[in-house]
Protein chains: 4
Amino acid sequence: MTENKQVVQGVRTGGRSARVRAAVLDATLAELAESGYAALTVDNVARRAGVNKTTVYRRWTDRESLVADALTEWASADIPIPDTGDLEGDLRALATSMASVLDTPIGRAVVATLVSVGNPGLVGVKRRFFGERHRAATPIVERAVARGELPPEVDPAAVIVTLRAPLYDRILLGDGVVDEALVERAVRIAVAAARSGALDR
Amino acid sequence: MTENKQVVQGVRTGGRSARVRAAVLDATLAELAESGYAALTVDNVARRAGVNKTTVYRRWTDRESLVADALTEWASADIPIPDTGDLEGDLRALATSMASVLDTPIGRAVVATLVSVGNPGLVGVKRRFFGERHRAATPIVERAVARGELPPEVDPAAVIVTLRAPLYDRILLGDGVVDEALVERAVRIAVAAARSGALDR
Amino acid sequence: MTENKQVVQGVRTGGRSARVRAAVLDATLAELAESGYAALTVDNVARRAGVNKTTVYRRWTDRESLVADALTEWASADIPIPDTGDLEGDLRALATSMASVLDTPIGRAVVATLVSVGNPGLVGVKRRFFGERHRAATPIVERAVARGELPPEVDPAAVIVTLRAPLYDRILLGDGVVDEALVERAVRIAVAAARSGALDR
Amino acid sequence: MTENKQVVQGVRTGGRSARVRAAVLDATLAELAESGYAALTVDNVARRAGVNKTTVYRRWTDRESLVADALTEWASADIPIPDTGDLEGDLRALATSMASVLDTPIGRAVVATLVSVGNPGLVGVKRRFFGERHRAATPIVERAVARGELPPEVDPAAVIVTLRAPLYDRILLGDGVVDEALVERAVRIAVAAARSGALDR
DNA sequence: GACTAAACGAGACGGTACGTCGAGTCTTTGT
DNA sequence: ACAAAGACTCGACGTACCGTCTCGTTTAGTC
């Protein structure tokens, strides 16, 4: 998180602006992971970033937009779409990558923040975040259909939701432990459901 | 603080105390539904309940415990366990009842509040809330096993989770529209998964 | 400054409100005398008064109105109107009392604050402050007219202004030293001017 | 306003520097006249002068010295000493010229700024400003003494103060209206006082 | 039915964080 | 190499809400 700041600095020009922006967003994510959204203080973020509060407010209108920006930045990483050759392998790879994100303190914090409604400024980020991952994953199913692993009527979006739902259920409603077994179960649920016609469009 | 709750609820009149308590908890839920947890202020709750702020603080130590109590109270309603004679019917009834709760403004607010972590005082409530519903539902699966509809190795808890996951996914990560079609899909996913061995313990 | 706080507390009822109000106004005058209006900080006033900043803002809308109130309070002391039997004695007594006020650090600070225009909230206080002293003093001249010491055409207000003008000139434009000699000169100027017909209405 | 400053600068340099200096000082006076000292911001002055804030800070150490400089510049105009042939005529001319200055928005602003104590950097300017006018005017009285219009014991400085005091009283403590009648009264007060021996040294 | 003890209403207070503004300093960039 | 542009630090402003406290008044339960 902080390591690539140097890189950013080196690569993307060297502007103080860019450096400050990166430092603040990093600090925001760190605070988010440590204390959660409710307890996140602009002053603390600023101090952690080695920057004055005023500087933060010069770039972001308020706490919410600061967090929104930090989440967006964090979420803008590439979403790798696996292509292992068969549906189960692809879904397993996808679920594993989701799980690895959800197992990060920051990942958990991001999800928790996005899910806490009542933050009108964050709904856009949320929609984009989950929507993109969603859309990015549908080719997996389309390829499976093309290979004949799944009937053509199956709804790709539904398969992805069915795959992710148990993971998020564990994180948000359960005890938060996302392990190998859970990933495996999610994969088998999705495959079974898809084959059974439950996910036909 | 909490001990006489049972009595209070049983009688629902008693003295001024009971009346005040009920009014404040109601107001808390209403505010929660209208504005969400973050924007809920004790002053507003008190005003809405026709009570002084001091009175609220006399009974609840802080905002968090007030909300925790309100959620607990709301969640203490009986959880009806359907028994329609076959697994699919039971699951459908269960999912429908879940969906009807999630379609209430208060229901949504409760779930949103419980899910927003970082509120250490609420994790107990959350665990109790989802845990109880969970446990209450496992007999459905046990009966299905007894009827031979499902293999005996199936994990009842996993079935219930698989049933609810798509609904909560829609509420928390999706667009929030929980309709008939979604319920139906959840049922078919759960049944297919259970039959496929994906939910074996 | 601070000494009479005790008294206030003991005498004027005992309400916390009254005590706080008095302490804050005292502190305001003290800060004003020490550092002047521009450097007066609400936080410093609060700290000096042993009170929280918020408490100050709960009673006064802003810095300006706080100062306005403090000045008004300070200025609300009785204005003793001398009656020594002859005009010169009366004017000398009046000028001496003015001079004694202007020789106080607080007196200087008050005048300096009132005179610094650009504070719309203070013009009312200013008008009241000087206007009242003005009006209060005119009987002195009226009595002198009645005694035949001055012609009836003389304008009482003009006499008072002529008396005070050299004092304020010294304070505001000169070196600030208001001494016996200056008072004496002011008295003689006013008498000479009044007798000469220069102050006829 | 700006034209004669060129001349001043013309002597010293004449380049961009001089132009910038003049523009900033002009803008300072304009802001002072419009909003007063307290509300004068360096940013506004810079913007008005079509210059960057940094440029202002390169030439003047702080707000105070900027204003001090602007006031000094403004005050450096020649003080015409009338010589009408008799004391009353001279004093009338002097008072009229004072009044005409005090009736300018900038004139009022300058006086108000100089009078607001608590600005250590301005006391020098103030002393110079009033002192010079003071000294410049004493020849008027000396001539009157030479002509036998006034006794030789009269203190020239006291006469000038007595003349100006009512004008400044009106501006600073009164309603601010400096008219013909007031000028006339000031003249008559000063003459009467001087003749009466009240202003003897 | 009176009387005491508990609970309530009213409202001020200390405290923390918010988001804003202006003074004065320091860095980056363009010429 | 240097100065304009602009970003930064610092400190104060005025606001909102939390949770505490005091004091008088009302109400409930007991004798």
Side-chain angles (χ1 to χ4, degrees), chain A residues 13-21 38-47 49-66, chain B residues 14-21 24 38-47 49-66, chain C residues 14-21 24 38-47 49-66, chain D residues 16-17 20 38-46 50-66:
Chain A
T13 89
R16 177 164 56 165
S17 290
R19 220 179 322 135
V20 166
R21 190 184 132 86
L40 180 144
T41 283
V42 174
D43 240 334
N44 284 347
V45 167
R47 199 168 314 127
V51 147
N52 195 276
K53 183 176 66 154
T54 328
T55 297
V56 175
Y57 278 110
R58 207 172 297 116
R59 293 164 173 282
W60 294 276
T61 65
D62 53 10
R63 209 176 61 131
E64 203 166 298
S65 81
L66 167 63
Chain B
R16 175 165 58 166
S17 291
R19 228 176 316 129
V20 165
R21 192 184 133 83
V24 171
L40 180 145
T41 79
V42 175
D43 245 334
N44 284 347
V45 168
R47 198 169 314 127
V51 148
N52 195 277
K53 185 174 68 155
T54 324
T55 299
V56 175
Y57 277 108
R58 237 189 300 271
R59 291 166 175 281
W60 293 275
T61 66
D62 54 9
R63 207 175 63 129
E64 202 165 297
S65 82
L66 167 64
Chain C
R16 177 165 57 165
S17 290
R19 222 178 321 135
V20 166
R21 191 185 131 86
V24 171
L40 180 144
T41 283
V42 173
D43 239 334
N44 284 347
V45 167
R47 199 169 314 124
V51 147
N52 195 278
K53 183 176 69 153
T54 335
T55 298
V56 175
Y57 278 111
R58 211 172 291 121
R59 292 165 173 281
W60 293 277
T61 64
D62 53 10
R63 210 176 60 129
E64 202 166 297
S65 82
L66 167 63
Chain D
R16 177 167 57 172
S17 289
V20 165
L40 179 145
T41 79
V42 175
D43 245 334
N44 284 348
V45 168
V51 148
N52 194 276
K53 186 172 68 155
T54 323
T55 301
V56 174
Y57 276 108
R58 228 189 310 277
R59 292 163 176 281
W60 292 275
T61 65
D62 54 9
R63 205 176 63 130
E64 204 166 296
S65 81
L66 167 63

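Convention: sequence-line order gives letters A, B, ...; per-chain numbering from 1.
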If you round to the nearest 0.5 Å, how far is [atom2] of [Y] from [atom1] of [X]?
{"X": "B:E64", "Y": "B:L66", "atom1": "CD", "atom2": "CG", "value": "10.5 Å"}
{"X": "D:K53", "Y": "D:N44", "atom1": "NZ", "atom2": "CG", "value": "11.0 Å"}
{"X": "D:N52", "Y": "D:R58", "atom1": "CG", "atom2": "CZ", "value": "8.0 Å"}

### Task
Could you check whether A:G50 gets within reach of a base, just the sugar-phosphate, or nothing at all, counting any heavy atom under 4.0 Å?
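A:G50: backbone/sugar contact only, no base atoms under 4.0 Å.
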
### Query
Within the structure shown, what part of the strands sits under 4.0 Å from A:T55 by heavy-atom distance: base, sugar-phosphate, or nothing?
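Counting heavy atoms under 4.0 Å across all strands, the contact made by A:T55 includes a base.
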
### Query
In whole Å, what is the span from the CG atom of A:N52 to the P atom of E:dC26?
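Going from A:N52 (CG) to E:dC26 (P), I get 15 Å.
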
### Query
What's the CZ-C1' distance between A:R47 and F:dC10, to the nearest Å?
14 Å

### Terminal axis angle for the helix from E:dG1-F:dC31 to E:dT31-F:dA1, five pairs an end, nearest 10 degrees
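About 20°, once rounded to a multiple of 10°.
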
### Close side-chain approach of A:W60 to A:V42, heavy-atom, < 4.5 Å
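In short, these two side chains do not touch, never coming nearer than 4.5 Å.
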
Protein-nucleic acid N or O pairs under 3.5 Å, nucleotides 12-15 of chain F:
from   : atom 1 : to    : atom 2 : distance (Å)
F:dC13 : OP1    : C:V42 : N      : 3.1
F:dC13 : OP2    : C:V42 : N      : 3.3
F:dG14 : OP2    : C:Y57 : OH     : 2.5
F:dG14 : OP2    : C:R63 : N      : 3.4
F:dG14 : N7     : C:K53 : NZ     : 3.3
F:dG14 : O6     : C:K53 : NZ     : 3.2

#### Entry: Nearest heavy atoms of D:V56 and D:A46, plus distance in Å
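Result for this residue pair: CG2-CB, 4.0 Å.
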
### Message
Looking at every non-hydrogen atom in both residues, tell me the closest pair between C:T61 and C:S65 and how far apart they are.
### Response
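Of all heavy-atom pairs spanning C:T61 and C:S65, the closest is N-OG, 3.3 Å.
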
### Query
Can you tell me if the side-chain N/O atoms of B:R21 get under 4.0 Å from OP1 or OP2 in E:dC8?
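No, because none of the side-chain N or O atoms of B:R21 sits under 4.0 Å from OP1 or OP2 of E:dC8.
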
### Query
With respect to the side chain of D:R58, which nucleotide from E:dC8, F:dA3, F:dT9 is positioned closest?
F:dA3

### Message
Using a 3.5 Å distance criterion without hydrogens, assess whether the side chain of C:R63 forms a donor-acceptor pair with backbone atoms of C:L40.
### Response
yes

### Query
Can you tell me if C:T41 and C:D43 form a side-chain donor-acceptor pair at under 3.5 Å?
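The answer is no; no qualifying pair exists.
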
